[in-house]
Amino acid sequence: MPASGTPVTVFVHDADPLINAGLTHLLRCSARIEVRDPGPGDDPAGVAVLFTDRMHRPVLNHLRDLARSQRLVLVVAHLTEHQLLQALDAGVSAILFRHEITGERLLDAVGAAARDERDLPREAVGRLVDVVTRLRRQPAEVRDAARPPTERELAVLRLLADGLETRDIAERLGVSERTVKKVLHGVTVRFRLRNRTHAVAHALREGYL
């Protein structure tokens with residue numbers, strides 16, 4: 001917690017009223033925490049606590065939006081290696097697995113986030129070490145394949161998933177058809193995919209879309 005002893009302002013974000021009430025109860029057991037309802041007047045120095053059963057694109061977008069003004073604590077049921085990296089990239093400071101959560105662990109995570117420190121489960125740290133070790137042993141072309149799609153690639157894949165043809169995608173994005181084809185070719189080659197349909201399926205399966 002802040003050295004001054006000033007209570008940390010915390011905003012709990014969850015659509016499930018039972019989960020929200022449970023997290024709020026645990027937080028309000030400490031005099032070091034001031035829980036407020038999320039809203040337009042959120043304290044930029046506060047900590048946002050967000051629970052999710054499953055990591056997917058809307059959750060990542062929400063995390064990125066919150067990270068613009070607040071520190072983040074993510075409470076999640078489970079995470080794949082890829083989702084763990086996505087969460088950290090989105091700005092999450094602390095992660096708690098749902099099955100491990102206690103009042104003490106939640107308060108420790110909020111305190112770490114408030115101090116702009118990391119607080120990750122041992123399992124998550126182990127996965128990060130495995131990822132780094134594996135990437136260091138891989139050749140450059142394989143490391144490149146592990147890199148997630150760029151924003152331009154994602155934009156093309158989203159429109160492709162909506163059923164748009166190359167010409168329509170080019171018009172929507174304000175680029176040439178050649179550029180769209182080049183982007184799609186780059187995605188299929190880098191991820192070793194067979195075709196456009198396979199590219200969309202891969203993006204959906206990996207949680208990019």
> Considering all heavy atoms of both residues, which atom of G91 and which atom of A67 are nearest to each other, and what is their separation?
Replying inline: CA-CB, 4.2 Å
> Yes or no on side chain to side chain contact (heavy atoms under 4.5 Å, CB included) for R118 and L88, after CA distance, side-chain angles and deciding distance?
Replying inline: CA-CA 10 Å; R118 295 284 191 192; L88 295 175; 3.4 Å; yes
> Closest heavy-atom contact between H99 and A77?
Replying inline: ND1-O, 4.3 Å
>> So, taking the atom named CG in N61 and the one named CG in L66, what distance separates them when rounded to the nearest 0.5 Å?
In response: 11.0 Å
> Taking all atoms of both residues into account, what is the closest heavy-atom pair of L193 and A199, and its distance?
Replying inline: CD1-CA, 3.4 Å
> Is there side-chain contact between H13 and H62, with heavy atoms separated by less than 4.5 Å?
Replying inline: yes
> Which pair of non-hydrogen atoms, one from L26 and one from G103, has the smallest distance, and what is that distance?
Replying inline: CD2-CA, 3.9 Å
> Hey, what do you get for CG (N195) to OG1 (T188), rounding to the nearest 0.5 Å?
Replying inline: 8.5 Å
> Judged by atom type as modelled, is there a donor-acceptor pair below 3.5 Å linking the side chain of H198 to the main-chain atoms of R194?
Replying inline: yes
> Is the shortest heavy-atom distance from the side chain of F97 to the side chain of V76 under 4.5 Å?
Replying inline: yes
>> What I'd like to find out is whether the side chain of L63 reaches to under 4.5 Å of the side chain of Q86, using heavy atoms alone.
In response: no
Contacts under 3.5 angstrom, residues 49-57 side chains, donor-acceptor by atom type, not counting sequence neighbours:
residue, atom, partner, partner atom, Å
T52, OG1, R54, N, 3.3
T52, OG1, R54, O, 2.8
D53, OD1, R98, NH1, 3.3
R57, NE, Y208, O, 2.5
R57, NH2, Y208, O, 2.4

>> I'd like to know whether CZ of R64 has more than 12 heavy-atom contacts from other residues, nucleotides or ligands below 6.0 angstrom.
In response: yes
>> Could you tell me if the side chain of V47 sits less than 4.5 Å from the side chain of T9, heavy atoms only?
In response: no
>> Just to verify, what does D89 make a side chain to side chain donor-acceptor pair (under 3.5 Å) with, not counting sequence neighbours?
In response: none
> Do E117 and R71 meet the salt-bridge criterion of a basic N to acidic O distance under 4.0 Å?
Replying inline: no
> Distance from L106 atom CG to I101 atom CD1, nearest 0.5 Å?
Replying inline: 4.5 Å
>> Please give me the minimum heavy-atom distance between L72 and A113, naming the atom from each residue.
In response: O-CB, 4.2 Å
>> Tell me whether H185 at atom NE2 has more than 12 heavy atoms from other residues, nucleotides or ligands lying less than 6.0 Å away.
In response: no
> When rounded to the nearest 0.5 angstrom, what is the spacing between CG in L23 and CG in L18?
Replying inline: 11.0 Å
> Closest approach of L157 and A203, non-hydrogen atoms and distance?
Replying inline: CD1-CB, 4.0 Å
> Below 4.5 Å, heavy atoms only, C-beta onward: do R152 and V183 meet side chain to side chain?
Replying inline: yes
>> Which residue in the set D108, V92, I95, V110 passes side-chain contact (heavy atoms from CB on, under 4.5 Å) when paired with D119?
In response: D108
> Side chains of V8 and E34: closer than 4.5 Å at any heavy-atom pair?
Replying inline: no
> Would you say L204 and L160 are hydrophobically clustered, going by side-chain heavy atoms of ILVMFWY under 4.5 Å?
Replying inline: yes
> Rounded to the nearest 0.5 Å, how far apart are OG1 of T102 and CG of L96?
Replying inline: 8.0 Å
> Angle class for the H202/F191 ring planes (parallel below 30°, perpendicular above 60°, tilted otherwise)?
Replying inline: tilted
>> Between E165 and R167, does any NZ, NE, NH1 or NH2 come within less than 4.0 Å of an OD or OE carboxylate oxygen?
In response: no
> Going by the side chain to side chain donor-acceptor pair (under 3.5 Å) test, which pairs reach into residues 170-182, not counting sequence neighbours?
Replying inline: S176-T179
> Nearest 0.5 Å, what's the CG-CZ distance between L27 and R32?
Replying inline: 10.5 Å
>> Strictly distance-based, threshold 3.5 Å: is any side-chain N or O of D14 a donor or acceptor partner for the main-chain N or O of D16?
In response: yes
